[in-house]
Amino acid sequence: MPDRPYTVIRGGAVLDRGAPRPRAADILIAGGTIREIGPPGLDAPQEAREILAHDRLLLPGLVNAHTHSHYTLAKGVAGNWTLEMMLNAGPWVIGGRAREDLRLGATLGAAEMIRKGCTACYDMVLELPWPSSEGIGEVAAAYDEAGMRAVVAPALADGVFWDAVPGLMDAVPETLRGGLARMRASPAEATLAGARSVLHDWRFDRDRVRPALAPTIPLLCSDAFLVDVADLTREYGVFFHTHVAESKVQAVAALRRWGRTLTHHLDEAGVLGPRFGAAHAVWLDDDDIRRLADRGAAAAHNPGSNLRLGNGFARAERMATAGVAVGIGTDTSSCADQLNMFEAMRLAAFTSRAETPDYGRWLGAPEVLDMATEGSARVLGFERIGRLAPDHAADIVFVDLRDLNYVPLNDACNQVVFCENGTAVDSVMIAGRMVYDRGRFATIDYDRLVDRANARAAELAEANAGLRREMDAVADVVGAFCVGLAREPYHVHRYVGDRAGGV
Ligand SMILES: [Zn+2]
């Protein structure tokens with residue numbers, strides 16, 4: 001919390017999404033909430049702390065609708081990996097994480113997001129062998145300490161990747177199967193008990209950091225497990241998040257396993273609802289989209305990740321038009337690779353243009369900015385963030401209008417989405433508190449973070465070298481087998497390739 005109950009920001013220019021020019025305005029903040037936005041010279045209590053914001057454009061904090069903090073120490077490791085090759089590499093990429101590593105990873109992610117104008121995120125984080133209130137609590141503590149808002153959702157599954165893709169294990173030469181056979185999921189009972197303990201023991205202010213549950217990928221879960229997780233979320237009134245039809249392999253595998261699409265299956269299982277968030281939602285047909293909309297569910301659009309992993313193009317505009325609440329996310333450091341919401345917004349606008357020459361269906365800067373703020377807030381379940389307005393959270397990004405991205409200033413909203421890359425972010429306020437102040441972190445010891453992250457990443461790489469050799473040995477088998485699955489016909493097409501199936 002700020003040291004004084006009132007803060008007034010004077011001299012800034014508030015982004016007005018409908019107008020090319022920002023509006024000169026002062027902002028009065030009480031506690032962590034915006035009390036009033038008014039013309040320069042706004043009345044403020046005498047004791048109010050004053051922040052001068054001349055030459056600063058004030059934006060609502062961006063909200064990252066989908067990321068994974070346990071991958072941040074693995075920044076840059078991925079080569080030409082498909083999603084399935086990334087999952088295959090999982091044991092060495094994210095293996096051996098102790099609880100303090102989970103905390104370190106979350107702090108590293110928080111630092112990058114804050115530095116790039118993001119004030120809240122949805123973090124689906126994996127603790128092995130199963131979630132605990134202590135381990136997930138370390139992640140929550142990292143966000144709490146950084147002063148960032150977050151939904152922290154332990155990643156859950158009762159199956160493993162190699163069993164989830166039909167025929168994959170059989171395709172692996174027997175001499176290489178030994179390592180894979182050892183990869184077993186933790187018992188469902190232990191995982192569910194751990195998830196319950198996370199929800200039961202939650203000790204953080206839910207206005208700032210709150211829990212949710214996240215079955216990783218429905219194909220890695222038994223139906224009973226999915227229903228048990230959904231029941232737990234209802235019992236504790238928390239959100240449910242999962243990756244939905246991210247790759248064509250998942251779409252094809254779901255059809256084979258259930259005889260219907262993944263979204264249809266989740267709907268039949270009673271999992272969809274207003275607290276449901278679908279990450280990616282790439283391989284959806286019109287009926288799937290209608291189901292998400294009818295149930296009041298939300299979707300997290302991650303265009304950077306989808307491009308990086310070759311998963312195709314999600315129909316974000318179609319989902320939004322159909323009534324699905326659409327937010328924007330970066331996904332994680334191993335597949336995006338930056339946690340940069342400015343980049344994610346720009347890519348969301350651009351990929352909508354790859355869909356169609358009909359510019360009436362392109363996502364424009366105002367729509368994309370809405371998705372990355374209020375849309376993502378809806379994915380997280382935070383009601384009063386993502387907008388600069390009275391009674392909303394004082395989560396404010398201060399952008400330097402003298403940065404080249406804004407010279408000359410012709411259309412502020414267009415320039416935030418199409419020109420900004422994070423370099424003009426000067427300060428970031430969350431809940432009325434400056435967490436990043438004129439280029440310096442106020443809540444994170446940055447030098448210490450750099451040293452610890454470098455040291456720990458090196459240690460983990462050494463400790464996981466054996467696993468890396470094992471997984472590298474089967475990487476091309478997994479890759480080729482899954483590309484084969486992606487060649488199978490499917491009733492929607494989400495690649496831009498000019499050959500059938502795009503492969
Ligand atoms: Zn993800």
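Both ligands and their constituent atoms are indexed starting at 1 by order of listing.
No side-chain heavy atom of Ile217 sits under 4.5 Å from any side-chain heavy atom of Phe161.
The pair Arg468-Glu462 does not meet the salt-bridge criterion, since no charged nitrogen lies less than 4.0 angstrom from a carboxylate oxygen.
For His68, the N, O or S atom with the smallest separation from the Zn ion (ligand 1) is NE2.
Not a single N/O/S atom of His280, whether from backbone or side chain, sits less than 2.8 Å from the Zn ion (ligand 1). Among the atoms of His243, an N, O or S atom is found under 2.8 Å from the Zn ion (ligand 1).
For the pair Arg210 and Phe239, the cation-pi criterion (under 6.0 Å, within 45° of the ring axis) is not fulfilled.
Note on ring orientation: taking the six-membered ring where Trp is involved, the planes of Phe441 and Tyr446 are parallel (angle under 30°, cut-offs 30° and 60°).
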